[in-house]
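See below for the structure under consideration.
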Amino acid sequence: METRTLETADADLVHDIRGPLPSADGRRPLFMIGQPMDASGFGALAARFPERTVVTYDPRGLGRSTRKDGRSDHTPQVQADDVHAVIEALGAGPVEMFASSGGAVTALAVVAAYPEDVTILVAHEPPLITLTPDGPAAVRARAAVREAYEKRGWGAGMAAFVAMTSWQGEFTDTYFAQPEADPAAFGMPADDDGSRDDPLLSDRSWAVSDYRPDAEALAAAPTRVVIAMGEESVDVQTGRTSVATAELLGQRVTVFPSHHGGFLDGEFGYPGKPDEFALRLREVLDGRG
């Protein structure tokens, strides 16, 4: 694996390249992106594509990629510009792309703004909460996560986040009537270290979940866009946002094995089914599913 740093005016973008450029098999490089997850989350999935040249990167301000723009917020448009810059720096033409969570939102912005950069996009569970029928309630639930984080710290915020993302169905009065989630019930610390800069629990990434894809631009792009969802996510928020995104684009969601992090091994404590996930991804990339 070769690690490179692309220095731009606003950020130093660290990215990893597994395999040769141009690729040994003549295929386009396979670019994997996430947000707020950085390149470290794609190790298991990349290892299951040994025949492909795989590129991963750390979004600006996350992991090893440092910011020089004086900002702390995360927006799909800025991250799309960064991904475009990395693709240009690779010098290998357009890429195939697998994008997860907030990275899937960034990827939709990439295709809309730079349609020649990506030949196929598999956007897995984009958390576009305003697209669902209960969008206003989802925004309220997101605000409650931030409130718990601001009041009581990381453990409380993460417990609230897990409670929100594991809730089945729309956010109803029953959801909001629940007591505050207990960090101990999720094996999380109750201590508060005083930090309030977490990109997931603060409002720094709200522009990601508030984003509305440009359906016309995506339809006009030569990119084949596939919206994907884990089979275990059917009734939870990111499953419902995936269905809503697919409907916005005039398609049906494509089902993958496992859950939101279905491509992960057990290194982050919530293992998916990486073997089955990689097999399904290979089928979709090859146009067989």
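Numbers here are sequence positions counted from 1.
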Handout entry: Aromatic F171 / basic R140 pairing, under 6.0 angstrom, 45° off normal
Key =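 Here R140 fails the 6.0 Å and 45° test against F171.
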For [X] and [Y], which heavy atoms make the closest approach, and how far apart are they?
X	Y	answer
Q35	S205	NE2-OG, 3.6 Å
R52	L285	NH1-CD1, 4.2 Å
D38	G63	OD2-CA, 3.2 Å
V208	G102	CG1-CA, 3.8 Å
T223	P115	OG1-O, 3.3 Å
L248	A215	O-CB, 4.0 Å

Regarding D16 and R64, does a basic nitrogen lie under 4.0 Å from an acidic carboxylate oxygen?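 Looking at R64 together with D16, the answer is yes, because their closest N to O distance falls below 4.0 Å.
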Is there a donor-acceptor contact under 3.5 Å from the side chain of H15 to the main chain of L13?
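Yes, the answer is positive, given that a donor and an acceptor are paired below the 3.5 Å cut-off.
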* So, the side chain of Q251 versus the backbone of I227: is there a donor-acceptor pair under 3.5 Å, distance only? ->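 At least one qualifying donor-acceptor pair exists.
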Does any part of the side chain of [Y], heavy atoms only, come nearer than 4.5 Å to the side chain of [X], both counted from C-beta?
X	Y	value
L108	P76	no
D134	R240	yes
F42	V55	no
V162	M188	yes
S101	P127	yes
S233	E125	yes
L45	F277	yes
V236	H260	no

Subject >> Check: D193/S195 side-chain N/O donor and acceptor closer than 3.5 Å >> reply: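 Side chains of D193 and S195: pair found under 3.5 Å.
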Problem - F98 ring center within less than 6.0 Å of F49 ring center - result: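 That pair fails the under 6.0 Å test.
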Would you call the rings of H124 and F263 parallel, tilted or perpendicular if under 30° counts as parallel and over 60° as perpendicular?
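Taking F263 first and then H124, their aromatic rings stand perpendicular (interplane angle over 60°).
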*Has R67 got more than 12 heavy atoms of other residues, nucleotides or ligands less than 6.0 Å from its CZ?*
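Correct, the count exceeds 12.
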| task | Look at atom CG of D286 and say whether more than 12 heavy atoms of other residues, nucleotides or ligands are closer to it than 6.0 Å. | result |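 Yes.
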Kindly determine whether R280 and E231 satisfy salt bridge (charged side-chain N to carboxylate O under 4.0 Å, His left out), including the steps that lead there. CA-CA 12 Å; R280 180 65 169 142; E231 62 187 357; over 6 Å; no
CA sep, side-chain torsions, deciding dist, call: D265, R48, salt bridge (charged side-chain N to carboxylate O under 4.0 Å, His left out)
CA-CA 11 Å; D265 271 331; R48 286 163 171 81; 3.5 Å; yes
